[in-house]
Amino acid sequence: MDETVAEYIRRTVLKIPRDEIKSMLQTWGFLSETQLQTLNFHQTKDNISQDVVQLCEDNSADIKQAAVLDIIYNHIYPNKRIWSVYQMNKTGEETDFFDLTDFKKKFKRRLQSALKNVTINFREYEDNAIWIRIAWGTPYKKPNQYKTSYVVYHSQTPYVFISASVLRSTLPLLCQALVVASNYHDIREMELRSHCLNSLKDIAFKRYSQTFQTYYPRPLQERNVAPENVDLRIIQENRSEKERIQRVNREVFGDGPQPKLEFAQYKLETMFKSNPKMDVLDIKEPFRCLVKFSSPHLLESLKSLAPAGLADAPLSPLLTCIPQKARNYFKIRERKGFFPGSFVSP
């Protein structure tokens, strides 16, 4: 077994939590059950990794087998990577029959014709998801197994989820191979990024919807007795305003948890308005800008703005429609004025 393969397997095993090493090796299936029984999983992880490497040496493991173990790890822990959403488009409405073998063949041929030193591995899962692992090299260097790109493609949809390596120059090659292999016309980024792959899928596949409920339980009555010097009308007004904010917020965001989104981006175009007599900004060219939002949990942050008193309720539709506008690449044109609302993010 090559020394670089042995080191890569060792490092992959070290990433796995101790309690899950055995089950993940069983899922891998490269080592027999008899070989797994010889492993002592109660020793240090470093010793476990060394023993696993020795067993792989006996089985003559190659980089293909090592890559499969890495795919399994990333499938179980997709939140370790940052994912971006891409959407592919066809020129017509026709639907083609998807052939997995043909897809793999075209994908590999396209990438390998553009770059000789590249390793590509596939693994299919039961939810029609094809996981693709690409390790990139250069015309003069072997593929770097520690700088990989991951692609999750659902064959029945036009959506692709990509976790790119630090080598951004390889992204155009990757997108081109996806378009050719899946028989689409072009591919575009939806400007959605997150560590939470499942939340991105919920948004892209429209599994997330902001529900409008017709019944809301009445809030609990205040039990504290108001001081005599406080106007009861002010208390009632404050209480009514809180109830209104809660009701509007529930109508906009629903009662359920929000998809975990960490990045969103708007491309805005607006016309400035000024008094003609002042002769200021008398230019017909629109003002264009790029507005980026980032947060550990963007949608929950937006949901909490009004209840926290950081923004008026309801929030601007430009903020509350992020999951829907994501499918339209966030190309929003606001011509009646500049971007309304607050940019505060808790």
Side-chain angles (χ1 to χ4, degrees), residues 1-83 98 100-101 103-104 107-108 118-135 143-157 160-165 194-202 205 260:
M1 182 172 64
D2 188 88
E3 183 178 340
T4 57
V5 176
E7 178 62 16
Y8 188 74
I9 292 176
R10 189 185 73 84
R11 293 194 187 186
T12 303
V13 173
L14 287 175
K15 292 190 297 183
I16 306 172
R18 177 195 298 274
D19 296 340
E20 300 180 25
I21 294 178
K22 183 177 180 180
S23 61
M24 200 170 294
L25 292 177
Q26 289 174 330
T27 303
W28 186 26
F30 182 68
L31 302 177
S32 67
E33 194 64 33
T34 302
Q35 288 176 313
L36 291 177
Q37 290 176 358
T38 64
L39 292 173
N40 178 12
F41 294 100
H42 299 288
Q43 59 183 328
T44 64
K45 287 179 65 174
D46 187 63
N47 290 336
I48 296 175
S49 66
Q50 296 288 356
D51 292 345
V52 170
V53 168
Q54 183 57 54
L55 292 176
C56 292
E57 180 81 38
D58 298 340
N59 289 12
S60 301
D62 56 15
I63 192 58
K64 181 178 180 180
Q65 293 297 336
V68 171
L69 179 60
D70 187 56
I71 294 177
I72 294 172
Y73 172 81
N74 280 274
H75 178 260
I76 296 177
Y77 295 102
N79 294 2
K80 299 291 185 180
R81 308 179 73 91
I82 298 178
W83 300 89
F98 180 79
L100 180 58
T101 303
F103 173 85
K104 292 180 179 180
F107 186 87
K108 294 183 69 172
V118 59
T119 58
I120 307 167
N121 299 91
F122 301 88
R123 187 175 177 87
E124 305 92 52
Y125 285 91
E126 57 278 355
D127 58 346
N128 291 324
I130 304 167
W131 280 65
I132 311 172
R133 177 187 180 275
I134 307 102
N144 188 337
Q145 302 300 329
Y146 300 98
K147 294 180 179 179
T148 57
S149 296
Y150 267 86
V151 176
V152 180
Y153 173 49
H154 286 255
S155 58
Q156 304 304 319
T157 76
V160 181
F161 306 88
I162 299 177
S163 177
S165 68
S194 177
H195 284 88
C196 189
L197 178 60
N198 289 333
S199 289
L200 293 177
K201 289 183 179 182
D202 288 341
F205 299 156
K260 190 173 182 181

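If you read the sequence from its start, that first residue is 1, and numbering goes on from there.
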For the residue pair Asn121 and Ala67, what are the closest heavy atoms and their distance? OD1-CB, 3.2 Å

Asp19 versus Pro17: any side-chain heavy-atom pair under 4.5 Å? no

Side-chain heavy atoms of Thr4 within contact of Gln145, under 4.5 Å: no

Heavy-atom side-chain proximity of Thr12 to Met24 below 4.5 angstrom: no

Spatial distance of atom CG (Leu31) from atom CD (Gln37) [nearest 0.5 Å]: 12.5 Å

Which heavy-atom pair separates Trp83 from Pro78 by the least distance, and what is that distance? NE1-O, 2.8 Å

Surrounding NZ of Lys15 (heavy atoms of other residues, nucleotides or ligands, distance under 6.0 Å), is the total greater than 12? yes

Could you tell me whether a side-chain N or O of Ser23 sits under 3.5 Å from a main-chain N or O of Glu20, the two making a donor and an acceptor? yes

Do you know which two heavy atoms are closest between Glu57 and Met1, and how far apart they sit? OE2-N, 3.1 Å

Just to verify, which of Arg18, Arg11, Arg10 counts as forming a salt bridge (Lys or Arg N to Asp or Glu O under 4.0 Å) with Asp46? Arg10

Is it the case that more than 12 heavy atoms not belonging to Lys22 sit under 6.0 Å from its NZ atom? no

Say you draw a straight line from CD1 of Ile21 to CZ of Phe41; how long is it, rounded to the nearest 0.5 Å? 7.0 Å

Before giving the answer on side chain to side chain contact (heavy atoms under 4.5 Å, CB included), spell out for Phe30 and Leu69 the whole-Å C-alpha distance, their side-chain angles and the decisive distance to 0.1 Å. CA-CA 9 Å; Phe30 182 68; Leu69 179 60; over 6 Å; no

Would you call the rings of Tyr125 and Trp131 parallel, tilted or perpendicular if under 30° counts as parallel and over 60° as perpendicular? perpendicular

Neighbour count >12 (heavy atoms, 6.0 Å) for atom NZ, Lys104: yes

Under a 3.5 Å threshold, yes or no: a donor from one side chain and an acceptor from the other, between Asp70 and Tyr150? yes

Under a 4.5 Å cut-off applied to non-hydrogen side-chain atoms, are Asp51 and Asn40 in contact? no

Answer whether the closest heavy-atom distance between the side chains of Leu55 and Leu39 falls below 4.5 Å. yes

What is the minimum heavy-atom distance between Ile63 and Val5, and which atoms define it? N-CG2, 3.8 Å

When rounded to the nearest 0.5 angstrom, what distance separates CG in Asn79 from CG in Leu197? 8.0 Å

Any non-hydrogen side-chain atom of Phe107 less than 4.5 Å from a side-chain atom of Ile120? yes

Gap separating the OH atom of Tyr77 from the CD1 atom of Ile72, nearest 0.5 angstrom: 13.0 Å

Got a donor-acceptor contact below 3.5 angstrom from the Ser163 side chain to the Ile82 backbone? yes

Closest heavy-atom pair and its distance - Trp28, Ile9: CH2-CD1, 4.5 Å

The single option from Ile71, Ile130, Val68 passing side-chain contact (heavy atoms from CB on, under 4.5 Å) against Phe122: Ile130

Apply side chain to side chain contact (heavy atoms under 4.5 Å, CB included) to residues Glu7 and Tyr146 and explain how you reach the verdict. CA-CA 11 Å; Glu7 178 62 16; Tyr146 300 98; 3.7 Å; yes

For the OG atom of Ser149 and the CD1 atom of Ile134, what is their distance to the nearest 0.5 Å? 5.5 Å

Going from OH on Tyr8 to CG on Asn144, what distance comes out if it is rounded to the nearest 0.5 angstrom? 9.5 Å

So, Lys64 side chain and Thr119 main chain: donor-acceptor pair closer than 3.5 Å or not? no

Indicate the atoms forming the closest heavy-atom contact of Arg123 with Thr27, along with that distance. NH2-O, 4.0 Å

Just wondering, more than 12 heavy atoms not from Glu3 lying within 6.0 Å of its CD? no

Give the intermediate values and the outcome of side chain to side chain contact (heavy atoms under 4.5 Å, CB included) for residues Thr157 and Lys201. CA-CA 11 Å; Thr157 76; Lys201 289 183 179 182; over 6 Å; no

I need the single residue from Asp58, Val53, Val52, Asn59 that forms a side-chain contact (heavy atoms from CB on, under 4.5 Å) with Cys56. Which is it? Val52

